[in-house]
Amino acid sequence: MASNKPNKLAFLSMPAPASYVAGLGRGASGFTTRSDIGPAREGPSAEVIAEAQARRGEDVEVDPDQFQDPDNEYGLFAGTTYEADDEEADRIYESVDAAMDSRRRARREAAEQAALAKHRAERPKIQQQFADLKRGLTAVTDEEWENIPEVGNLTRKKRKRDDRSFVVPDSVIVGDRSKTEYENALDPRQQQTGGFETPADSGTLTNFVEIGQARDKILSLKLDQISGTATSGTATSVDPKGYLTSLDSVVIKSDAEIGDIKRARMLFDSLVKSNPKHAPGWIAAACLEEHAGRMVAARKIIKQGCEQCPKNEDVWLEAARLHNNDDAKVILANAVQHVGQSVKIWLKAADLEHDIKAKKRVLRKALEHIPNSVRLWKETVNLEDSAADARILLARAVEVIPLSVELWLALARLETPDKAKAVLNKARKAIPTSHEIWIAAGRLLEQEANLPSKTPEQRNKELEVVDKTIEAAVRELRRHQVLLTRDQWLKEAEKCETEGYPRTCEAIVKATIAMDIEEEDRLDTWVSDAESAESRNMFGTARAILAYALKVYPDRRSLWRKAADLEKAHGTRESLDAILSRAVVHCPQAEVLWLMAAKEKWLAGDVPAAREVLERAFVANPESEQIWLAAVKLEAENGEYGVARELLIRARTVADTERIWMKSAVFERQQGQIETALETLATALKKFPKFAKLYMIQGQIHQAAGNIQAARASFAAGVKAVPKEPTLWILASRLEEADGKSIKARALLEKARLLNPANEQLWAESVGVEERSGGPAQAKAMLSRALQECPTSGVLWSMSLWAEPRASRKTKSVDALRKTKDNPWVVCTVARVLWADRNIERARDWFGRATVADPDLGDIWGWWLKFERQHGTEEHREAVRIKAVAADPHHSPVWQSIAKDVKNAGKSTREILEMVADALQ
């Protein structure tokens, strides 16, 4: 019976509506599918799509230019055509635009770069802030790196714990349970066949646990047996104690390495078969087998190599290496039958002998075959115990090999001085082109001249012979066309100095230092050579170069000063005194040389000699201010105050300089003669009204006496007469501040800054006034203004750096060092920052860098000593004191305030350093 229900799939056979477009409702129109690749068909036209959209009620987009009449276009250039003239005009306009743009491009790009650099300086990147810390990581050791604790959770958030559990499948549990079990029943199929058939597909029935236990028992039993035989006296080749250890040391090669060895073996096998006379192939094949652990095969291969290449020494040496000592002796005995002229084989044969007599025997046999081998002769001589036997051998050696310089020199060293001369003469005749023999002759003469039995006259005569010998050497070598350069001769001179022959070194320098130099370049070249030798710690060579230069240029003050500095740093007191005595004779107008000579006499404790030097200096330089003041200082520090006063009176008459008048006033003040000092200052101010230090001393004397009005008048007169002297303004400001008038102190400093713009001392004092009276906020504002006017001031950056919070000091330190170009004040402040952070070693390094940058700043030395008092040992503190005394600093605020205090007159640098370290805070 037919069903009345409608067929749901009947619509598939119906024709599509007239306006139907497949996929148009989903937005897919105009695409091509694989079915379209066959007979290509066009998509629906625009009219069909528009009609379908209209039926569905969608708005049809209208092109605004669709109904535009091309004959009635509108616009500025409507109706025109784009011709060649238009294109040319466009090109002209574009070129003009490009030219206008390029006119200010460089300026614009420079401005952009400056703005970017300013932005980077104000807000540096994180990596720049931590650059010094990253560089510091290079000093972290492996132990410190491994001891760094784990980071852990730093988010301070509770992490959600995962408490979920999972059910383990039963198959895993059963599998684990049956892992160690084994089957002890026969398989039913085995029962049917009587148990003689192994079921290959049923898996193994072996109990591996029992097999492992049995293996361990057997190994233990074998080791016990070996141990028993070893203790009973029977020899054994197995070490029972180290057996397992040796098993651990066996290298198990991987499959890849084994494959490489096999391929290499095939290649080497092909090589030795195709070219059996190629010795390196046999050696490489033997080394391969040695690497693979097949020593027997390696020895077999190298034996074949010896048979195929009997004239190659490397094959025999390799064969000796691969065999034990006894077999190697036999191999080398065969080798000398084929290559008896090989020095290496004879030396290897001698090395295999453990007995000295046997070694000698082998080497003497070698010399019979190869008598002209220097190396064999040297090895033979080295084995001789007595000098007489060695001398006999060397005598024979130089007969056989007369052109060996080494053998001649060795023979000369073993002979007595007289015979050594004869040996060197023979050597010189045999090898006239050897400079080593001539230098050895000079050293021999110097050695003889320095014998204790020689008198000074004899010694000087024989040392002069050394000079003549080296001069003759240079002439003879030049005659034989042997031309050594200056640098080569200087290296030989340094070598002689290193080996303890200073006069030979000096003779070489005298004879060769003027070679190959133009006359106008001699002085600069010699000074450069001396500095280079001194930098290599060759002080004797540097001394000889300067001595020769002083003979050629005896009137050069700079040369005498350099020679004196060299003797002061690396010579003795006697040598320095000799240099200065000669210097003042040749350069009597050089005041600094006279002063150095007098100071050295004084430091040696010879005050009368120092007076004598200064008296001679007065004769040569009667109007020298420095010499007069040095004489006054000498008398004053030795308690001769009356003589010192008389000298100052004479100096004011003869020299009459502003500094002498100032020193006279300071001397009277130190002696407590205040009225005399004021009178001296009044007279000096009439003579020298523009000398600022006179006003300073006058004002300080009145201030110390409590006469504020007179001190104020002195400072006022000073700043009026010398307005460009910042120290006068600072002293006047401090006077007002001490009198309780901070406002007037500020006003004075403001006026001083107007007259002396961009002066860091005045700005630093202004910041100090604000700190002491106005508070931190005003001080910080003043410091910001100061840094704007003096952006590269080390003093101001140091104050700014120390005023920063502790957390931001490191970042600020980087900016300060970059902008001040490693100013010593900033470097010292960085060291103090590291000190505050307990980074002791780095702080010590930075203090050292600061003192090297400017050793004249006494406050830096004081900070370093203060640091070492807290964190260093007595050795560290003493090292700082010694360096400070050697540097002899004179400047920096705290140092000058203490050193120039009347109470501290006459105190040493060491004492002032201790006081500065106490005062710094």
A.B. asks: Any salt bridge between Asp565 and Lys568, counting N to O under 4.0 Å?
C.D. replies: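 A salt bridge is absent here (no side-chain N lies under 4.0 Å from a carboxylate O).
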
A.B. asks: Decide, yes or no, whether a salt bridge links Glu737 with Arg734 under the criterion of side-chain N to carboxylate O below 4.0 Å.
C.D. replies: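 Result for this pair is no, no salt bridge flagged.
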
A.B. asks: The criterion is ring-ring contact (aromatic ring centres under 6.0 Å, His included); which residues satisfy it with Trp895, sequence neighbours excluded?
C.D. replies: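 Listed in chain order: nothing, the list is empty.
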
A.B. asks: Between Glu725 and Lys693 (salt bridge meaning N to carboxylate O under 4.0 Å), is one present in this structure?
C.D. replies: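 A salt bridge is absent here (no side-chain N lies under 4.0 Å from a carboxylate O).
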
A.B. asks: Can a salt bridge be assigned to the pair Glu658 and Lys690 using a cut-off of 4.0 Å between side-chain N and carboxylate O?
C.D. replies: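 The answer is no: the pair does not qualify as a salt bridge.
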
A.B. asks: Could you please spell out the steps behind the side-chain contact (heavy atoms from CB on, under 4.5 Å) verdict for Thr680 and Phe667?
C.D. replies: CA-CA 11 Å; Thr680 304; Phe667 175 77; over 6 Å; no

A.B. asks: Are Asp837 and Arg809 close enough for a salt bridge, meaning some N to O gap below 4.0 Å?
C.D. replies: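 Here Asp837 does not pair with Arg809 in a salt bridge, since their nearest N and O are not under 4.0 Å apart.
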
A.B. asks: Drop me the distance from Leu614's CG to Leu595's CG, to the nearest 0.5 angstrom.
C.D. replies: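 The CG atom of Leu595 is 7.0 Å from CG of Leu614, to the nearest 0.5 Å.
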
A.B. asks: For Met799 and Leu783, work out which heavy atoms get closest and say how close.
C.D. replies: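 Minimum heavy-atom contact is C-CD2, 4.0 Å.
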
A.B. asks: Using every non-hydrogen atom in the two residues, find where Leu728 and Phe715 come nearest and quote the distance to one decimal.
C.D. replies: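 The pair with the smallest heavy-atom distance is CD2-CD2, 4.1 Å.
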
A.B. asks: Angle between ring planes, Trp861 versus Trp864, binned at 30° and 60°: parallel, tilted or perpendicular?
C.D. replies: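 Taking Trp864 first and then Trp861, their aromatic rings lie parallel (interplane angle under 30°).
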
A.B. asks: May I have the step-by-step check of side chain to side chain donor-acceptor pair (under 3.5 Å) for Glu668 and Thr676, ending in yes or no?
C.D. replies: CA-CA 7 Å; Glu668 297 297 345; Thr676 308; 4.7 Å; no

A.B. asks: Any chance you could measure Ile579, atom CD1, to Leu566, atom CG, to the nearest 0.5 Å?
C.D. replies: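 If I round to the nearest 0.5 Å, the distance is 8.5 Å.
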
A.B. asks: For Cys790 and Leu796, work out which heavy atoms get closest and say how close.
C.D. replies: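 So the two residues come closest at CB-CD1, 3.8 Å.
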
A.B. asks: Within 45° of the six-membered ring axis of Trp835 and under 6.0 Å from that ring's centre, is NZ or CZ of Arg832 located there?
C.D. replies: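 That pair does not qualify as a cation-pi contact.
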
A.B. asks: Over all heavy atoms of both residues, which pair between Val613 and Ala598 is shortest? Give the atoms and the distance, please.
C.D. replies: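 Smallest heavy-atom distance, with atoms named: CG1-N, 3.8 Å.
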
A.B. asks: Is there side-chain contact between Glu789 and Arg753, with at least one heavy-atom pair below 4.5 Å?
C.D. replies: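 The answer is no, as the side chains (C-beta and beyond) never meet within the 4.5 Å cut-off.
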
A.B. asks: Show your reasoning for whether side-chain contact (heavy atoms from CB on, under 4.5 Å) applies to Trp628 and Arg650.
C.D. replies: CA-CA 9 Å; Trp628 280 106; Arg650 289 174 55 195; 3.8 Å; yes

A.B. asks: Can you check whether Leu834 reaches Asp845 side chain to side chain, under 4.5 Å on heavy atoms?
C.D. replies: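 A side-chain contact under 4.5 Å is absent here.
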
A.B. asks: Might you work through the salt bridge (Lys or Arg N to Asp or Glu O under 4.0 Å) test for Lys819 and Glu122, ending with a clear yes or no?
C.D. replies: CA-CA 12 Å; Lys819 291 191 176 182; Glu122 292 175 354; over 6 Å; no

A.B. asks: CD of Glu612 to NZ of Lys601: how many Å apart, nearest 0.5 Å?
C.D. replies: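 Going from the CD atom of Glu612 to the NZ atom of Lys601 covers 8.0 Å.
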
A.B. asks: Can you see which heavy atom on Val795 is nearest to which on Ala764, and at what distance?
C.D. replies: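 Closest approach of Val795 to Ala764: CG1-CB, 4.0 Å.
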
A.B. asks: Indicate yes or no: does Lys744 engage Asp739 in a salt bridge with an N to O separation below 4.0 Å.
C.D. replies: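 Salt bridge: no.
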
A.B. asks: For the backbone of Trp729 and the side chain of Ser733, can you confirm whether one donor and one acceptor N or O come within less than 3.5 Å of each other?
C.D. replies: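 Checked: no pair found.
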
A.B. asks: Should the pair Glu531-Lys562 be classified as a salt bridge under the 4.0 Å nitrogen-to-oxygen rule?
C.D. replies: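 Yes.
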
A.B. asks: Got a second to check how far Leu576's CG is from His570's NE2, nearest 0.5 Å?
C.D. replies: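 Separation between the atoms: 12.5 Å.
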
A.B. asks: Side-chain contact, heavy-atom cut-off 4.5 Å: Leu857 with Asp859?
C.D. replies: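 SC-SC contact between Leu857 and Asp859 ruled out.
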
A.B. asks: Under a 4.5 Å cut-off applied to non-hydrogen side-chain atoms, are Thr909 and Pro889 in contact?
C.D. replies: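 Yes, close enough: below the 4.5 Å cut-off.
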
A.B. asks: So does Ala590 get a backbone contact from the side chain of Asn621, meaning a donor-acceptor N/O pair under 3.5 Å?
C.D. replies: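 It does not hold such a pair.
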
A.B. asks: Any non-hydrogen side-chain atom of Arg844 less than 4.5 Å from a side-chain atom of Glu868?
C.D. replies: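 The answer is yes; the side chains approach within 4.5 Å.
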
A.B. asks: If you apply the rule side-chain contact (heavy atoms from CB on, under 4.5 Å), what do you find for Lys687 with Asp656, and how did you get there?
C.D. replies: CA-CA 10 Å; Lys687 287 177 171 287; Asp656 196 21; 3.8 Å; yes

A.B. asks: Backbone N or O of Thr873 within a donor-acceptor pair of the His876 side chain at under 3.5 Å?
C.D. replies: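 Judged by distance alone, yes, a pair lies under 3.5 Å.
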
A.B. asks: Does the pair Arg910/Glu878 count as a salt bridge with the N-to-O cut at 4.0 Å?
C.D. replies: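 Between Glu878 and Arg910 there is a salt bridge, with a charged N closer than 4.0 Å to a carboxylate O.
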
A.B. asks: For Trp763, does the six-membered ring have the charged nitrogen or CZ of Arg785 within the cation-pi criterion, i.e. under 6.0 angstrom from the centroid and within 45° of the normal?
C.D. replies: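 The answer is no; the distance or angle limit is not met.
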
A.B. asks: Got a donor-acceptor contact below 3.5 angstrom from the Lys724 side chain to the Leu755 backbone?
C.D. replies: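 Checking the backbone N and O of Leu755 against the side chain of Lys724, a donor-acceptor pair under 3.5 Å is found.
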
A.B. asks: Is Arg712 paired with Glu736 through a side-chain N to carboxylate O contact shorter than 4.0 Å?
C.D. replies: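 Yes.
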
A.B. asks: If I take atom CG from residue Leu735 and atom CG from residue Leu731, how far apart are they, to the nearest 0.5 angstrom?
C.D. replies: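 Going from the CG atom of Leu735 to the CG atom of Leu731 covers 9.0 Å.
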
A.B. asks: Quick check: are there more than 12 heavy atoms from other residues, nucleotides or ligands sitting under 6.0 Å from CD of Gln870?
C.D. replies: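 Yes, enclosed.
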
A.B. asks: Indicate yes or no for a side-chain donor-acceptor contact from Asn707 to the backbone of Ala710 under 3.5 Å, with no hydrogens or angles considered.
C.D. replies: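 Pair found, side chain donor or acceptor close to backbone of Ala710.
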
A.B. asks: Given the ring of Trp661, does Arg652 sit roughly above its face, with NZ or CZ under 6.0 Å from the centre of the six-membered ring and within 45° of the axis?
C.D. replies: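 Yes - Arg652 lies over the ring of Trp661, closer than 6.0 Å to its centre and within 45° of its axis.
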
A.B. asks: Start with the C-alpha gap between Thr572 and Ser575, add the side-chain angles, then the distance that decides, and say whether side chain to side chain donor-acceptor pair (under 3.5 Å) holds.
C.D. replies: CA-CA 5 Å; Thr572 61; Ser575 63; 3.2 Å; yes

A.B. asks: When rounded to the nearest 0.5 angstrom, what is the spacing between CG in Leu559 and CG in Leu523?
C.D. replies: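 Here the rounded value is 5.0 Å.
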
A.B. asks: Would you tabulate the side-chain donor-acceptor contacts of residues 911-920 under 3.5 Å, counting partners in other chains and residues two or more places apart, or write 'none'?
C.D. replies:
residue	atom	partner	partner atom	Å
Glu911	OE1	Ser908	N	3.1
Glu914	OE1	Arg869	NH2	2.5
Glu914	OE2	Arg881	NE	2.5
Glu914	OE2	Arg881	NH2	3.4
Asp918	OD1	Arg869	NH1	2.5
Asp918	OD1	Arg869	NH2	3.4

A.B. asks: Looking at every non-hydrogen atom in both residues, tell me the closest pair between Val826 and Ser798 and how far apart they are.
C.D. replies: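 Minimum heavy-atom separation between Val826 and Ser798: CG2-N, 4.4 Å.
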
A.B. asks: Identify whether the distance between the nearest side-chain nitrogen and carboxylate oxygen of Glu635 and Arg611 falls below 4.0 Å.
C.D. replies: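 Result for this pair is yes, salt bridge flagged.
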
A.B. asks: Applying side-chain contact (heavy atoms from CB on, under 4.5 Å), run through Met596 and Arg561 and close with a yes or a no.
C.D. replies: CA-CA 9 Å; Met596 287 181 68; Arg561 180 66 185 274; 3.6 Å; yes

